[in-house]
Amino acid sequence: KALEQMEMDHEKLEKELDRTLELFKQLEFEKKLDESIQKTEELIKDQEELIEESGDKKNAEEELGEKQEELNEELESLQDELKELSQMNEELEEPNDLSDEAGEKAEEASEKMEEASDELSDGNRKKGKDKQEGAKEKLEEMQESLSQFQEQMAQDQQAENLEDMRQLLENIVDLSH
């Protein structure tokens with residue numbers, strides 16, 4: 001009898017540990033998502049500043065091209081983080097409904113940045129600035145995609161919490177009879 005009780009306690013503890021680990025993984029995922037959104041917002045701001053600098057004739061095209069290249073490197077680093085985010089999601093017992101849209105927008109933004117850098121380095125300020133505008137637009141779409149996903153996740157969590165609360169109240173009512 002005591003042995004059975006110990007085995008049941010052990011199983012309960014194991015389930016509780018699994019649940020805690022899963023919760024921790026989900027929190028890590030949410031933290032990484034939040035960081036990715038912040039980094040995307042910073043990139044948008046930096047791209048806006050560079051567009052302004054490109055509009056100022058005092059700034060040399062060569063230098064602007066180099067700055068654009070640096071921004072593109074930051075975006076590539078963010079793309080790696082998005083891949084890591086996707087990997088973290090796959091490792092969850094119940095993966096979130098994360099689409100590839102943000103990654104695709106990041107890819108498109110990176111291409112535009114590359115083109116902008118090339119145009120600026122070739123002395124084509126106007127074409128370069130147009131490509132920069134395109135890159136900024138893609139970054140904004142990427143940020144929008146990540147933010148919408150984050151909101152949806154929060155709504156899903158809220159619905160789940162409500163369901164848990166309803167179940168709990170039902171159990172209390174059943175116990176009181």
*Can you tell me if S54 and Q132 form a side-chain donor-acceptor pair at under 3.5 Å?*
yes

*Any donor and acceptor pair, going by atom type alone, linking the side chain of S145 with main-chain N or O of E101 inside 3.5 Å?*
no

*What residues, two or more places apart in sequence or in another chain, satisfy side-chain hydrogen bond (donor to acceptor under 3.5 Å, both in side chains) together with Q26?*
E30, N96

*Quick one: do L82 and M142 satisfy side chain to side chain contact (heavy atoms under 4.5 Å, CB included)? Show the steps, please.*
CA-CA 11 Å; L82 288 176; M142 175 183 155; 3.7 Å; yes

*CG on L85 to CD on E35, rounded to 0.5 Å*: 10.0 Å

*asked:* So, taking the atom named CG in L78 and the one named OG1 in T40, what distance separates them when rounded to the nearest 0.5 Å?
replied: 4.5 Å

Distance-only criterion, 3.5 Å: show the donor-acceptor pairs between side-chain atoms of residues 164-172 and protein atoms not counting sequence neighbours.
from: R166; atom 1: NE; to: E163; atom 2: OE1; distance (Å): 3.4
from: R166; atom 1: NH1; to: E170; atom 2: OE2; distance (Å): 2.3
from: R166; atom 1: NH2; to: E163; atom 2: OE2; distance (Å): 2.7

_Keeping N89 on the side-chain end and P95 on the backbone end, is there a donor-acceptor pair under 3.5 Å?_
no

*In Å and rounded to the nearest 0.5 Å, what is the CD to CG distance from Q87 to L92?*
11.0 Å

*asked:* Just verifying a value: how many Å separate D9 CG and E4 CD, rounded to the nearest 0.5 Å?
replied: 12.0 Å

_Give me each pair satisfying salt bridge (Lys or Arg N to Asp or Glu O under 4.0 Å) with a member in residues 82-92, each pair once, sequence neighbours excluded._
K32-E84

*Heavy-atom pair with the smallest gap, counting every atom of G65 and S117*: O-OG, 2.9 Å

*salt bridge (Lys or Arg N to Asp or Glu O under 4.0 Å): pairs with one or both residues in residues 72-81, sequence neighbours excluded*: K39-E81

*All side-chain hydrogen bond (donor to acceptor under 3.5 Å, both in side chains) counterparts of E41, not counting sequence neighbours*: Q143

_Assigning hydrophobic clusters by single linkage (Ile, Leu, Val, Met, Phe, Trp, Tyr; side-chain heavy-atom cutoff under 4.5 Å), is I51 placed with L139?_
no

*Can you sort out the partners of E48 under salt bridge (charged side-chain N to carboxylate O under 4.0 Å, His left out), two or more places apart, ordered by chain and number?*
K136

*Take atom CG in D174; do more than 12 heavy atoms of anything else shown fall under 6.0 Å from it?*
yes

*Quick one: which residue pairs count as a salt bridge (Lys or Arg N to Asp or Glu O under 4.0 Å) with a foot in residues 17-27, not counting sequence neighbours?*
E16-R19

_Taking salt bridge (charged side-chain N to carboxylate O under 4.0 Å, His left out) as the definition, give me every residue that meets it alongside K126, ordered by chain and number, with sequence neighbours left out._
D130

*By side-chain hydrogen bond (donor to acceptor under 3.5 Å, both in side chains), which residues pair with E28, not counting sequence neighbours?*
none

Can I get a per-line list of side-chain donor-acceptor pairs under 3.5 Å for residues 105-114, giving both atom names and the distance, sequence neighbours left out?
from: K105; atom 1: NZ; to: E141; atom 2: OE1; distance (Å): 2.9
from: E107; atom 1: OE1; to: Q79; atom 2: NE2; distance (Å): 3.2
from: E108; atom 1: OE1; to: K138; atom 2: NZ; distance (Å): 3.0
from: S110; atom 1: OG; to: N72; atom 2: OD1; distance (Å): 2.9
from: E114; atom 1: OE1; to: N72; atom 2: ND2; distance (Å): 2.9

*Greater than 12 external heavy atoms within 6.0 Å of E52's CD*: no

*Only counting residues at least two apart or in another chain, list the ones meeting side-chain hydrogen bond (donor to acceptor under 3.5 Å, both in side chains) with Q47.*
Q68

Could you go through residues 150-157 and list every donor-acceptor pair under 3.5 Å that involves a side-chain atom there, pairing it with any protein atom two or more places apart or in another chain?
from: Q150; atom 1: NE2; to: D34; atom 2: OD1; distance (Å): 3.0
from: Q152; atom 1: NE2; to: D156; atom 2: OD1; distance (Å): 2.8
from: Q157; atom 1: NE2; to: N161; atom 2: OD1; distance (Å): 3.1

*Supply the atom-to-atom distance L120 CG to E69 CD, rounded to the nearest 0.5 angstrom.*
11.0 Å

*Working to the nearest 0.5 Å, report the span between CG of L64 and CZ of R125.*
6.0 Å

